[in-house]
Amino acid sequence: MIDEFAKDNLHRRLRRDREALLWKLDGLSDYDARRPLTATGTNLLGLVKHVATVEARYFGEVFDRPSPQPLPRWQDSDGSDQWATEDETRDQIIGFYRRTWEHSDATINELSLDAPGHVPWWPEPHPNTNLFAIMVHVLGETIRHAGHADILREGLDGRTGVRAENEQQIDEAARAAHRAKIEQAARSAVPSSSSSGSERPGSS
């Protein structure tokens, strides 16, 4: 009974956060969806491609149920799953992610939480695992990267939220006032001179 409850809750949360990540591409130009938005090159379409690849491996190879989507060998991983090449379309990457959902959901639905799996890229003594541990791991990956996508999208056009139906209209004045309040609190919390002799921000 508790196993089914845990499995259902983990699966429901995974489905929710998959959709949240994908929604972060909504309404963006192809350039904004692809372009690097951090010093390390993090980009929105690349996040979707990466999470799709992670999920395809963990709910596929780990349980000897290879994904129908061809994947390079994990030994050959070179970071190319974190950005979209000029030959890859947004629709192709989104389609890959959605097909991965179907394959992963079939694995989750057909196996019990204690079903054994093997993760060859995990170091000893951790490679031998089970469906419960993999569901927690993939959910954690999805949430982490959905959070990255939240920040990147806010930086592009100010849009925030988990799903379209809960999105609120942007109030620029209210946001500016809220940010100013936090900025003032941060400045007030910093002493005029710290023990290292550094100056308070903006005190020069």
Side-chain angles (χ1 to χ4, degrees), residues 1-25 34 36-85 87-88 92-152 162:
M1 192 77 169
I2 188 65
D3 281 2
E4 286 307 309
F5 175 81
K7 186 182 190 183
D8 181 63
N9 275 270
L10 287 170
H11 199 180
R12 190 177 335 116
R13 180 59 189 264
L14 177 60
R15 289 193 294 263
R16 190 194 83 169
D17 290 316
R18 287 167 172 166
E19 293 284 0
L21 174 58
L22 207 52
W23 180 53
K24 295 302 170 180
L25 297 175
R34 295 165 175 270
L37 296 168
T38 70
T40 56
T42 308
N43 61 97
L44 284 161
L45 194 56
L47 288 174
V48 172
K49 182 181 177 183
H50 173 66
V51 173
T53 304
V54 166
E55 187 169 322
R57 288 199 192 284
Y58 276 99
F59 288 118
E61 297 169 47
V62 167
F63 297 100
D64 198 24
R65 299 167 59 96
S67 168
Q69 178 84 20
L71 296 172
R73 299 188 319 152
W74 64 267
Q75 298 95 327
D76 299 330
S77 177
D78 59 0
S80 59
D81 66 323
Q82 297 180 16
W83 55 282
T85 70
D87 299 322
E88 291 178 302
Q92 285 174 334
I93 291 173
I94 291 174
F96 168 37
Y97 196 20
R98 290 193 179 280
R99 288 190 299 276
T100 295
W101 297 358
E102 294 177 4
H103 186 259
S104 299
D105 289 347
T107 296
I108 292 168
N109 290 332
E110 292 174 26
L111 300 182
S112 63
L113 281 182
D114 61 356
H118 181 77
V119 187
W121 51 89
W122 284 2
E124 293 291 349
H126 307 294
N128 293 320
T129 186
N130 59 30
L131 180 64
F132 174 76
I134 295 302
M135 288 186 74
V136 171
H137 181 81
V138 173
L139 176 59
E141 282 278 323
T142 306
I143 292 171
R144 177 170 181 258
H145 294 306
H148 292 155
D150 280 338
I151 299 301
L152 296 183
V162 176

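This one's a predicted model, so the numbers in the text were calculated from it and none came from an experiment. Below, each value reflects all heavy atoms present in this structure, side chains not excepted, and no hydrogens, waters or symmetry copies.
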Leu25 CG to Arg34 CZ distance, which is reported to the nearest 0.5 Å: 10.5 Å
Any chance the side chains of Ser104 and Glu55 put a donor and an acceptor closer than 3.5 Å? yes
Ion pair Asp105/Arg18, N-O distance below 4.0 Å: yes
Enclosure of Phe96 CZ (heavy-atom neighbours >12, cutoff 6.0 Å): yes
State the NE2-CG distance between His11 and Asn109, to the nearest 0.5 angstrom. 5.5 Å
Give a yes or no on whether the backbone of Phe5 and the side-chain of Asn9 come within a donor-acceptor separation of less than 3.5 Å. yes
Side chains of Asn130 and Leu113 in contact at under 4.5 Å (non-hydrogen atoms): no
Just say parallel, tilted or perpendicular for the rings of Trp121 and Trp74, cut-offs at 30° and 60°. tilted
Have His103 and Arg99 got a donor and an acceptor in their side chains that come within less than 3.5 Å? no
Angle class for the Phe59/Phe63 ring planes (parallel below 30°, perpendicular above 60°, tilted otherwise)? parallel
Least distance between heavy atoms, Val119 atom then Thr129 atom: CG2-CG2, 3.8 Å
Check: Ala20 main-chain N/O paired with Asp17 side-chain donor or acceptor under 3.5 Å: no
Are the side chains of Lys24 and Val48 in contact, using a 4.5 Å heavy-atom criterion? no
Go through it in stages, so that I can follow the logic: the residues are Leu22 and Arg98, the test is side-chain contact (heavy atoms from CB on, under 4.5 Å), and I'd like the CA-CA distance, side-chain angles, deciding distance and then a yes or no. CA-CA 10 Å; Leu22 207 52; Arg98 290 193 179 280; 3.4 Å; yes
Heavy-atom nearest pair, Gly46 first then Asn43, reads N-OD1, 2.7 Å
Do Thr85 and Asp87 pair up side chain to side chain, a donor and an acceptor below 3.5 Å, judged on atom types alone? no
For the residue pair Leu152 and Thr38, establish whether any side-chain heavy-atom pair is separated by less than 4.5 Å. yes
Shortest non-hydrogen contact from Leu21 toward Ala146: CD1-CA, 4.1 Å
Smallest heavy-atom separation, Leu71 atom then Ala56 atom, equals CD1-CB, 3.8 Å
Is a donor on one side and an acceptor on the other found under 3.5 Å between the side chain of Lys49 and the backbone of Ser80? yes
If the plane angle is over 60° it's perpendicular, under 30° parallel, otherwise tilted; pick one for Trp122 and His137. perpendicular
Interatomic spacing from OG1 in Thr53 to CD1 in Ile93 - rounded to 0.5 Å: 9.0 Å
Indicate the atoms forming the closest heavy-atom contact of Trp101 with Glu19, along with that distance. CZ3-OE2, 3.4 Å
Tell me the closest heavy-atom pair linking Ala84 and Leu45, and the distance in Å. CB-CD2, 3.7 Å
Are Asp3 and Lys7 close enough for a salt bridge, meaning some N to O gap below 4.0 Å? no
Distance check, rounded to the nearest 0.5 Å: Glu141 atom CD versus Leu47 atom CG? 11.0 Å
Out of curiosity, Arg16 CZ to Ile143 CD1, how far, rounded to the nearest 0.5 Å? 7.5 Å
Quick check: do Leu14 and Ile108 have side-chain heavy atoms less than 4.5 Å from each other? yes
